[in-house]
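Contents: one structure, followed by commentary.
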Amino acid sequence: MAIRVNEAWISDDEIYREMQYHPAPRRGQAERDAAQALLVRQILLSEAVRTGLLSSDAVSREVEEAAIAHVLESRVAVEEPDEAECRALYDRIGQRLRSPDLFEASHILFLAPEGDAPLRARARTAACEVLEQLAADPSRFEDLARAHSDCSSAGSGGSLGQLSSGDTVAEFEAALSELSPGEIRKLPLETRFGFHVIRLDHRATGRPLPFEAAEGRLREYMREARWRERFHDFVRELASTMEIEGFELD
């Protein structure tokens with residue numbers, strides 16, 4: 001899929017190297033996304049050469065990136081959203097803007113690094129044995145955490161304190177979301193660290209943000225959306241002035 005922008009060529013090898021940055025469920029889509037990214041970059045580089053920001057001679061990638069940034073800063077400008085526009089957007093989507101859920105949780109960790117299958121098997125078995133003891137007497141959680149947990153929280157009976165979104169790995173957070181306060185998960189949770197016995201101690205559900213708290217997020221969202229739209233228009237405008245073959249921009 002060799003692509004030409006004026007006198008510059010984008011080779012198949014360049015496209016294949018770029019594909020690692022464009023994961024997609026199908027190879028064809030990843031290849032197309034990579035090709036388009038390189039095409040857009042070359043269009044911007046060609047504009048930098050045309051305006052004298054770059055010479056046509058070979059330069060470092062850092063110099064090229066600086067030239068592209070200069071082109072975009074000088075040619076892609078958007079209006080700052082005002083308060084009325086932010087309020088209008090808040091009226092449409094404000095209920096979806098919420099403070100994060102907060103959790104208080106405890107766990108007992110049986111440490112077992114990924115790749116060590118025998119150790120992970122033993123850790124799973126040990127976690128199941130502790131769960132059997134807790135099924136008979138849930139009040140023993142803190143004592144069992146002090147006795148068995150490989151986490152530094154063992155000293156506090158397994159308590160992890162207050163957690164919010166992003167404080168733990170995704171599967172741990174998902175497991176907490178499925179529990180009721182006071183409930184111990186019936187099966188060990190497997191993560192890259194090993195196996196966890198988990199108890200949810202408390203949950204505070206996030207609430208819709210008032211406009212004053214959401215305004216900055218709304219303003220940034222609108223600014224980014226406007227910039228992307230203007231960027232796309234700008235690239236199309238540049239492309240229409242150049243000789244391009246081998247690929248058609250979306």
Side-chain angles (χ1 to χ4, degrees), residues 1-86 88-90 92-93 96-97 114-115 165-166 169-171 173-174 192 214-250:
M1 184 195 294
I3 301 168
R4 181 176 66 86
V5 181
N6 294 336
E7 303 303 319
W9 287 89
I10 301 170
S11 69
D12 287 342
D13 286 345
E14 291 176 280
I15 294 170
Y16 293 147
R17 287 196 298 270
E18 179 71 16
M19 283 173 60
Q20 65 182 306
Y21 305 114
H22 302 273
R26 298 184 304 278
R27 177 184 173 88
Q29 184 61 53
E31 185 175 359
R32 179 172 179 80
D33 291 347
Q36 178 153 281
L38 291 173
L39 173 57
V40 168
R41 185 175 187 276
Q42 187 56 53
I43 288 171
L44 295 171
L45 285 174
S46 296
E47 179 64 7
V49 170
R50 187 192 70 81
T51 56
L53 289 170
L54 278 179
S55 69
S56 56
D57 298 328
V59 294
S60 69
R61 189 175 183 87
E62 290 76 12
V63 172
E64 290 180 343
E65 295 301 330
I68 288 174
H70 190 280
V71 169
L72 294 178
E73 288 170 6
S74 61
R75 306 281 291 281
V76 181
V78 296
E79 293 182 1
E80 184 72 14
D82 59 28
E83 182 178 336
E85 291 171 318
C86 291
L89 181 59
Y90 180 80
R92 295 200 301 273
I93 68 169
R96 289 165 22 206
L97 301 176
E114 287 181 315
S165 180
V169 293
E171 56 267 39
E173 186 174 327
R192 64 177 180 268
E215 184 179 6
R217 190 184 305 180
L218 293 167
R219 193 178 299 276
E220 182 64 22
Y221 170 81
M222 294 178 70
R223 186 187 302 115
E224 290 182 2
R226 288 177 177 180
W227 190 92
R228 285 195 299 271
E229 182 177 1
R230 177 66 189 112
F231 170 77
H232 294 158
D233 289 344
F234 176 58
V235 170
R236 292 189 190 99
E237 290 169 9
L238 291 179
S240 68
T241 68
M242 300 179 186
E243 293 183 6
I244 298 174
E245 65 177 55
F247 195 91
E248 184 174 346
L249 282 171
D250 289 339

Enclosure of [X] [atom1] (heavy-atom neighbours >12, cutoff 6.0 Å):
{"X": "Glu220", "atom1": "CD", "result": "yes"}
{"X": "Tyr221", "atom1": "OH", "result": "no"}
{"X": "Glu248", "atom1": "CD", "result": "no"}
{"X": "Gln20", "atom1": "CD", "result": "yes"}
{"X": "Glu245", "atom1": "CD", "result": "yes"}

Rounded to the nearest 0.5 Å, how far apart are [atom1] of [X] and [atom2] of [Y]?
{"X": "Leu238", "Y": "Ile244", "atom1": "CG", "atom2": "CD1", "value": "9.0 Å"}
{"X": "Glu47", "Y": "Met242", "atom1": "CD", "atom2": "CE", "value": "5.5 Å"}
{"X": "His22", "Y": "Ile15", "atom1": "NE2", "atom2": "CD1", "value": "10.5 Å"}
{"X": "Gln36", "Y": "Ile43", "atom1": "CD", "atom2": "CD1", "value": "8.5 Å"}
{"X": "Glu83", "Y": "Arg219", "atom1": "CD", "atom2": "CZ", "value": "7.5 Å"}
{"X": "Arg17", "Y": "Ser11", "atom1": "CZ", "atom2": "OG", "value": "6.0 Å"}

### Message
Walk me through whether Leu44 and Phe234 qualify under side-chain contact (heavy atoms from CB on, under 4.5 Å).
### Response
CA-CA 10 Å; Leu44 295 171; Phe234 176 58; 3.9 Å; yes

### Task
Kindly indicate, with the supporting measurements, whether the criterion side-chain contact (heavy atoms from CB on, under 4.5 Å) is fulfilled by Leu45 and Val5.
CA-CA 10 Å; Leu45 285 174; Val5 181; over 6 Å; no

Over all heavy atoms of both residues, which pair between [X] and [Y] is shortest? Give the atoms and the distance, please.
{"X": "Glu18", "Y": "Ala37", "result": "OE2-CB, 4.0 Å"}
{"X": "Ala24", "Y": "Ala30", "result": "CB-N, 3.7 Å"}
{"X": "Glu14", "Y": "Trp9", "result": "OE1-O, 3.6 Å"}
{"X": "Glu243", "Y": "Arg4", "result": "OE1-NH1, 3.3 Å"}

Kindly indicate whether the side chain of [X], heavy atoms from C-beta on, has any atom under 4.5 Å from the side chain of [Y].
{"X": "Ile68", "Y": "Leu53", "value": "no"}
{"X": "His70", "Y": "Thr51", "value": "no"}
{"X": "Arg41", "Y": "Glu65", "value": "yes"}
{"X": "Leu38", "Y": "Ile3", "value": "no"}
{"X": "Phe247", "Y": "Arg32", "value": "yes"}

#### Entry: Pair Asp233 + Arg230, salt bridge at N-O below 4.0 Å
no

### Query
Hey, are Glu85 and Arg226 close enough for a salt bridge, meaning a charged N less than 4.0 Å from a carboxylate O?
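Yes, charged N to carboxylate O under 4.0 Å.
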
